[in-house]
Amino acid sequence: MKTFNIALLAGDGTGKEVTDEAVKVLKAIGNKYSYDFNFQPALIGGCAYDEYNTPLPDVTLDIAKKSDAVLLGAVGDWKYDTLAPEVRPERALLGIRKELNLFANLRPATVYPELTSLSPLKEEFVSGTDIMIVRELTGDVYFGTPKGIEIKNGEKFGYNNMCYFESEIKRIAHVAFKVAMQRNKKLCSVDKSNVLDVSRLWREVVTEVSKEYPAVELSYMYVDNAAMQIIRNPKQFDVLLTGNIFGDILSDEASMLSGSLGLLPSASLSDTKLAMYEPIHGSAPDLKGKDVVNPIATILSAAMMLKYSFNMDEEHDAIVNAVRKTLKDGYRTQDIMQKGMNAVSCSEMGNIVKDNILSV
Ligand code: IPM
Ligand code: MG
């Protein structure tokens with residue numbers, strides 16, 4: 001039997017609750033299709049700081065680097081809000097992305113037909129929306145130097161540097177074009193090239209790369225317009241290509257089309273085989289231990305792992321279909337509860353999805 005080693009980084013808050021359910025589901029896939037998933041837990045975020053004085057200990061990085069794929073829950077808790085910026089839980093996320101070279105972040109924003117009425121937007125605008133955001137994840141103003149806060153002209157002055165190497169733009173553009181080739185072959189590249197030099201380079205390089213993908217229809221949009229168009233007419237988009245900060249902002253916005261942050265998974269890919277999968281939501285520390293959060297985003301992240309890390313399309317579809325059947329049958333965690341539906345806990349939701357995998 002083939003064995004896959006998964007680094008299991010549950011993190012803080014409700015991270016453990018949601019990853020527990022994804023593990024259940026992966027084990028069900030293992031049973032059904034005869035694979036062995038071997039999970040190696042490691043600490044990341046605030047819990048790692050408590051134990052090792054750093055949110056991203058070397059042992060965790062080591063386990064991640066030696067694994068076939070990383071499954072992450074979420075990091076952060078208010079009790080770490082007063083820590084120095086370098087050791088805050090969020091730093092662990094940035095650190096692991098950089099250390100594992102996870103430069104390509106795929107964030108699907110899919111509106112499930114069972115849940116269109118949950119969206120804060122009118123159903124007719126959102127129904128059928130299926131956007132894939134391809135966000136660059138290891139560059140931009142997040143990592144640019146120089147940066148800091150200092151005294152200048154007698155007052156405090158804070159600065160970061162928005163910057164990209166041509167090679168960084170090229171490699172994320174290739175990922176986005178390849179993703180578009182497997183979807184509806186439409187790619188919209190987001191920038192602010194009417195103002196920013198770094199965006200002018202972005203547009204130039206994306207245009208250059210597009211010559212290798214003549215089948216993909218490429219368009220460009222300024223980020224402010226993109227923010228508006230995502231609300232006005234989300235169905236116009238297939239794949240959106242963005243830099244790190246624009247993708248951070250637009251992916252939160254796009255997630256709301258589906259009605260709940262608790263539904264959306266993500267994949268962070270490198271140019272080696274190693275990749276990391278995590279829900280796009282945070283750690284919800286106020287809900288910790290209550291067994292109420294929605295595990296679907298993490299379960300769907302595990303599905304993305306099967307597809308992108310292990311090329312298991314059928315197994316990926318088995319999870320997605322099991323989730324859809326669960327929603328169709330009316331099971332709802334509190335974040336997606338609707339009148340007349342069956343309220344279930346986080347662990348019940350995981351069990352039902354697991355049963356649906358095993359029963360079909
Ligand atoms: C995200 C988050 C992170 C980011 C934070 C927690 C560092 O918002 O994954 O979108 O800004 O990338
Ligand atoms: Mg974000």
Side-chain angles (χ1 to χ4, degrees), residues 9-15 18-19 43-49 54-56 60-61 64 70-109 131-144 147 160-164 168 172 175 190 223 226-227 230 240-258 260-270 275-286 293 297-298 300-301 304-305 308:
L9 316 185
D12 304 314
T14 53
V18 291
T19 49
L43 297 178
I44 192 166
C47 58
Y49 176 81
T54 165
L56 183 59
T60 299
L61 265 179
V70 181
L71 183 66
L72 184 110
V75 298
D77 194 319
W78 300 305
K79 74 177 189 208
Y80 305 108
D81 278 358
T82 52
L83 289 181
E86 316 80 67
V87 290
R88 286 181 57 132
E90 294 80 7
R91 274 303 160 101
L93 265 188
L94 301 181
I96 198 167
R97 288 170 183 171
K98 199 72 177 171
E99 283 287 330
L100 304 185
N101 198 20
L102 304 171
F103 68 88
N105 186 212
L106 310 191
R107 296 190 165 187
I131 304 175
M132 178 66 90
I133 298 184
V134 178
R135 168 190 177 195
E136 199 289 330
L137 203 59
T138 51
D140 205 348
V141 64
Y142 271 64
F143 294 94
K147 66 186 184 92
N160 289 86
N161 186 9
M162 187 180 242
C163 52
Y164 268 117
E168 293 175 301
I172 191 69
V175 171
V190 174
V223 61
I230 285 173
L240 279 170
L241 167 61
T242 76
N244 204 346
I245 188 96
F246 296 158
D248 178 47
I249 298 164
L250 294 183
S251 63
D252 264 31
E253 185 194 7
S255 76
M256 260 301 116
L257 300 171
S258 80
S260 172
L261 270 176
L263 294 167
L264 298 177
S266 78
S268 303
L269 313 177
S270 66
M276 184 166 90
Y277 301 85
E278 56 176 312
I280 76 158
H281 61 69
S283 56
D286 51 327
V293 291
T298 315
L300 292 174
S301 300
M304 289 186 89
M305 174 190 293
Y308 291 99

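We count ligands from 1, going down the list as the structure has it; atoms in each ligand are counted the same way.
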Using a strict 4.0 Å cut-off to heavy atoms of Tyr142, name the atoms of ligand 1 that fall inside it.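 Here the atoms of ligand 1 in question are 4 (C), 11 (O), 12 (O).
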For ligand 1, which atoms have a heavy atom of Arg135 less than 4.0 angstrom away?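 The atoms of ligand 1 under 4.0 Å from a heavy atom of Arg135 are 1 (C), 4 (C), 9 (O), 10 (O), 11 (O), 12 (O).
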Between Glu253 and Ser251, do the side chains contain an N or O donor and an N or O acceptor separated by less than 3.5 Å?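 There is no such pair between these side chains.
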Whether the Ser268 and Asn105 side chains hold a donor-acceptor pair (N or O, under 3.5 Å, no angle test) is what I'd like checked.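 There is such a pair between these side chains.
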Any idea which protein heavy atom is nearest [atom], and the distance to it?
atom                   : value
atom 5 (C) of ligand 1 : Leu93 CD1, 4.5 Å
atom 1 (C) of ligand 1 : Arg107 NH2, 3.4 Å
atom 7 (C) of ligand 1 : Leu94 CD2, 4.0 Å
atom 8 (O) of ligand 1 : Asp248 OD1, 3.2 Å

Does the side chain of Thr242 come within less than 4.5 Å of Val134's, by heavy atoms?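 No. Closest side-chain heavy atoms not under 4.5 Å.
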Can you confirm whether Leu106 sits close enough to Val175 that some side-chain heavy atom of one is under 4.5 Å from a side-chain heavy atom of the other?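 Side-chain contact under 4.5 Å: yes.
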Heteroatom count (protein N, O or S) under 2.8 Å of the Mg ion (ligand 2):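 Near the Mg ion (ligand 2), the number of protein N, O or S atoms below 2.8 Å is 1.
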Short N or O distance, Glu90 and ligand 1, threshold 3.5 Å exclusive: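 No, Glu90 has no N/O under 3.5 Å of an N/O on ligand 1.
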For His281, state whether at least one heavy atom is located under 4.0 Å from any atom of ligand 1.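 His281 does not count as a contact of ligand 1 under the 4.0 Å cut-off.
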Report yes or no: does Arg88 have a heavy atom closer than 4.0 Å to ligand 1?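 No heavy atom of Arg88 comes that close to ligand 1.
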Could you name each residue pair satisfying salt bridge (charged side-chain N to carboxylate O under 4.0 Å, His left out) that touches residues 73-84, not counting sequence neighbours?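 Output for this query lists Asp81-Arg88.
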What part of Glu278, side chain from CB on, backbone N/CA/C/O, both or neither, has a heavy atom under 4.0 Å from ligand 1?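 For Glu278, no heavy atom sits under 4.0 Å from ligand 1.
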Would you sort out whether Ile245 and Tyr142 count as a side chain to side chain contact (heavy atoms under 4.5 Å, CB included), showing the intermediate values? CA-CA 7 Å; Ile245 188 96; Tyr142 271 64; 3.7 Å; yes
Is the backbone N or O of [Y] less than 3.5 Å from a side-chain atom of [X], with the two atoms forming a donor-acceptor pair by type?
X      : Y      : value
Tyr80  : Gly46  : yes
Thr60  : Leu43  : yes
Ser301 : Glu278 : yes
Arg107 : Ser266 : no

Which pair of heavy atoms, one from Leu56 and one from Gly95, lies closest together, and at what distance?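 Looks like CD2-C, 3.5 Å.
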